[in-house]
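In this chain, residues are counted from 1 in sequence order. Atom set for the values below is all heavy atoms of this structure, side chains included, hydrogens, waters and symmetry mates excluded.
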Amino acid sequence: MTLIRRAALWVLFAALFFAPWAYGGVTAWAVTVLDWLLEGTLALWVIGLLWERRRPRFSHTLVILVLALLALGGWMVLNAGAILDSDFSVFVALPKLVPAAPGTLDYAVSADWMIRAGLLLGIVLFVFDLSQDNTAFLHLCYAIGFVAGSIALLGLLQKATGAPMIFWQASSEGPVKTFFATFYYHANAGAFLNLVLPFTAGLALRAFTAPSRPNVRAMWMAVFILTMAAVAANTSRMAQLTGVLILIALSWRLGPPLLRRLSATERRRALSGAAAVLFIMYALAAASRLDEPLARWHKLSDTLSNDGRWLVARVAIGILPDAGALGFGPGTFQVFFPIYNNLPANRVSGGWRFLHDDYLQTVLEWGWLGALLWAVLFFGGVAVAIHNLRKPPARRWSPRQRLILPLAVIALCGVAVHAAVDFPLQIASIQLYAATFLGICWGSIGWSTEQAVVDRPLEKTITARERLPEDQSP
């Protein structure tokens with residue numbers, strides 16, 4: 001890897017660290033800095049390609065999807081019909097390029113959103129190319145694991161100390177019950193933790209099933225335990241439910257190969273270790289006031305029918321016929337929803353920046369055509385990864401590829417479940433991690449049978465269903 005490509009990778013690491021620590025990327029300044037970091041990553045990547053005189057490794061299908069989304073969103077911005085004057089809450093009409101064609105309802109909001117969308121789609125392409133390099137691929141996973149452990153540790157410390165707000169912030173309105181770690185909204189924090197949880201499990205497994213130093217094993221096991229405990233301590237019920245589903249998927253994927261490898265004595269030791277881990281998790285959860293999320297579950301029947309998100313969803317469903325094929329414009333939910341909400345038949349109280357349903361909000365903003373393109377990009381990437389995992393050539397991939405790819409699939413499926421009742425995919429930090437994992441999934445297309453590399457012998461037996469001659473290498 002050349003120095004320029006290495007610099008691009010390190011700038012991406014900085015973005016992956018910055019995004020969740022900067023309040024999840026929900027403030028204007030955090031989004032601006034994150035955009036600069038992503039621009040730096042992509043610029044260095046392009047410069048590196050030109051310096052090396054190398055063509056990037058892409059999938060034609062992925063490139064077509066990216067170009068189609070950029071063209072659709074870009075057209076909506078260019079053909080904008082108005083811009084919102086937020087000071088006076090009035091729309092100022094703009095001359096449209098094609099008056100009869102659809103255009104965004106708010107030029108400024110959609111233009112900002114398309115800049116971020118273009119950068120995120122560029123990250124998908126960058127990680128696709130990056131994932132063909134086995135060493136860089138593993139370093140990317142290490143960076144994700146370190147960020148996961150740091151966010152989980154902060155959240156648990158705040159819970160254990162009964163902090164009324166994020167440690168370095170003061171609340172002028174008394175204790176805030178909806179924050180966790182650096183996220184103002186606990187459900188977004190839970191969605192982020194669930195997104196990185198599979199990678200912490202994979203790194204812990206890799207450390208214990210391959211020759212590693214004791215301190216490395218202890219570190220990755222601690223990161224995994226901290227992340228699981230943080231999911232349990234988080235007061236978001238949907239995040240906890242999604243976390244349980246992710247743990248079931250991880251057990252199904254990682255458990256059987258591990259048990260087949262272990263001897264009877266090793267299995268007894270593993271069970272003893274698992275019991276110790278559960279005890280540690282219970283102690284962490286108890287110190288982190290696990291009674292709070294349990295109390296919220298007890299109130300589920302009382303709050304479910306009166307939850308405002310269902311009332312907002314009812315209003316949003318009524319708006320669908322007006323969205324059409326191209327929608328109201330990228331990122332414009334906060335602009336058009338108050339207009340419809342003020343109708344006498346609706347009137348849902350409160351301000352709603354996001355709809356608590358990413359799928360419905362995407363259809364409203366992008367129309368059925370744009371929503372279809374986003375669905376193919378997201379779920380198509382998951383389907384491509386699963387298809388490539390089931391193909392015979394996957395047995396000749398490097399062990400780290402066979403281990404990490406299923407974890408990316410599980411992480412994306414988890415955030416897809418959560419997105420049905422919340423808005424995790426509207427949050428910049430979660431968008432960045434989802435784009436990174438999509439790049440890994442789509443990148444599996446380029447993992448040729450010739451690029452399998454020699455890796456740690458014990459790790460090979462855990463990540464493959466049967467041993468192959470290549471796996472016998474020292």
- Query: Taking all non-hydrogen atoms of both residues, which atom of Pro56 and which atom of Trp45 are closest, and how far apart?
  - Reply: CB-CZ2, 3.9 Å
- Note on the structure: On a heavy-atom basis, the closest approach of Ile246 and Leu197 is CG2-CD2, 4.1 Å
- Would you give the length of the straight line joining atom CD1 of Ile410 to atom CG of Leu245, rounded to the nearest 0.5 angstrom? 11.5 Å
- For residues Leu125 and Trp442, determine if any side-chain heavy atom of one lies less than 4.5 Å from a side-chain heavy atom of the other. no
- Message: What verdict does the side chain to side chain contact (heavy atoms under 4.5 Å, CB included) test give for Phe333 and Phe423, after you've listed the backbone C-alpha separation in whole Å, the side-chain angles of each residue and the deciding distance to 0.1 Å?
- Response: CA-CA 12 Å; Phe333 175 80; Phe423 49 90; over 6 Å; no
- Query: Rounded to the nearest 0.5 Å, what separation is found between the CG atom of Leu62 and the CG atom of Leu121?
  - Reply: 8.5 Å
- How far does CG of Leu438 sit from CG of Leu412, to the nearest 0.5 angstrom? 5.0 Å
- For Ala8 against Leu44, the heavy-atom pair lying closest together: CB-CB, 3.7 Å
- Message: Any non-hydrogen side-chain atom of Val415 less than 4.5 Å from a side-chain atom of Tyr433?
- Response: no
- Nearest heavy-atom approach of Cys141 to Ile404 is SG-CG2, 3.6 Å
- Query: Once the angle between the rings of Trp113 and Trp366 is folded into 0 to 90°, is it parallel (under 30°), tilted (30 to 60°) or perpendicular (over 60°)?
  - Reply: perpendicular
- Parallel, tilted or perpendicular: rings of Trp29 and Phe18 (30°, 60°): perpendicular
- Task: Find out whether Leu69 and Trp374 are in side-chain contact, i.e. whether some heavy atom of one side chain is under 4.5 Å from a heavy atom of the other.
- Result: yes
- Is the count of non-hydrogen atoms from other residues, nucleotides or ligands lying under 6.0 Å from Tyr23 atom OH greater than 12? yes
- Message: Using a 3.5 Å distance criterion without hydrogens, assess whether the side chain of Thr332 forms a donor-acceptor pair with backbone atoms of Val335.
- Response: no
- Item | Identified side chain to side chain contact (heavy atoms under 4.5 Å, CB included) partner of Gln401 from the options Ile440, Asn134, Leu389 | Asn134
- So, for Ile427 and Gly24, which heavy atoms are closest and what is the spacing to 0.1 Å? CG2-O, 3.2 Å
- Message: Keeping Asp422 on the side-chain end and His418 on the backbone end, is there a donor-acceptor pair under 3.5 Å?
- Response: no
- Leu154 vs Gln158, side chain to side chain contact (heavy atoms under 4.5 Å, CB included): CA-CA, chis, key distance, verdict: CA-CA 6 Å; Leu154 176 64; Gln158 290 174 166; 3.8 Å; yes
- Check for a donor-acceptor pair, side chain of Asp357 on one end and backbone N or O of Val421 on the other, with a separation under 3.5 Å. no
- Query: Given Val382 and Ile386, is the side chain to side chain contact (heavy atoms under 4.5 Å, CB included) satisfied, shown in steps?
  - Reply: CA-CA 6 Å; Val382 172; Ile386 294 174; 3.9 Å; yes
- Task: State, with a plain yes or no, whether a side-chain heavy atom of Met76 is found less than 4.5 Å away from one of Ser110.
- Result: no
- If we only count heavy atoms from C-beta on, is the Phe328 to Glu365 side-chain gap below 4.5 Å? no
- Item | Side chain Gln240, main chain Ala232, donor-acceptor under 3.5 Å | yes
- Query: Are any non-hydrogen side-chain atoms of Phe137 and Asp133 less than 4.5 angstrom apart?
  - Reply: no
- Specify the closest pair of heavy atoms between Leu16 and Pro20, including all atoms of both residues, with the distance to one decimal. O-CD, 3.0 Å
- Does a side chain donor of either Arg353 or Gln426 reach within less than 3.5 Å of an acceptor in the other side chain? no
- Query: With ring centroids as reference points, do Phe437 and Phe199 lie under 6.0 angstrom apart?
  - Reply: yes
- Message: Checking Asp129 now: which residues fulfil salt bridge (charged side-chain N to carboxylate O under 4.0 Å, His left out) with it, not counting sequence neighbours?
- Response: Arg54, Arg57
- Sub-3.5 Å donor-acceptor pair from the side chain of Gln132 to the main-chain atoms of Gly443, do we have one? yes
- Message: Using only atom types and a distance under 3.5 Å, with no angle test, would you say the side chain of Arg217 pairs donor to acceptor with the backbone of Ala207?
- Response: yes
- Query: Nearest 0.5 Å, what's the CG-OG1 distance between Asp358 and Thr362?
  - Reply: 6.0 Å
- Does the side chain of Trp21 pick up a donor-acceptor pair with the side chain of Ser150 at under 3.5 Å? yes
- Do we see a donor-acceptor contact under 3.5 Å between the side chains of His186 and Asn234? no
- Item | Beyond-backbone contact of Tyr184 with Met165, side-chain heavy atoms, under 4.5 angstrom | yes
- Side-chain heavy atoms of Leu432 within contact of Leu38, under 4.5 Å: yes
- Query: Between Gln361 and Phe354, is a side chain to side chain contact (heavy atoms under 4.5 Å, CB included) present by the stated rule, with each step listed?
  - Reply: CA-CA 8 Å; Gln361 180 170 337; Phe354 304 111; 3.9 Å; yes
- Query: Roughly how far apart are Arg253 CZ and Leu205 CG, rounded to 0.5 Å?
  - Reply: 11.0 Å
- CG (Leu425) and CG (Asn188) are apart, to the nearest 0.5 Å, by 10.0 Å
- Can any side-chain N or O of Thr200 pair as donor or acceptor with the backbone N or O of Phe224 at less than 3.5 Å? no
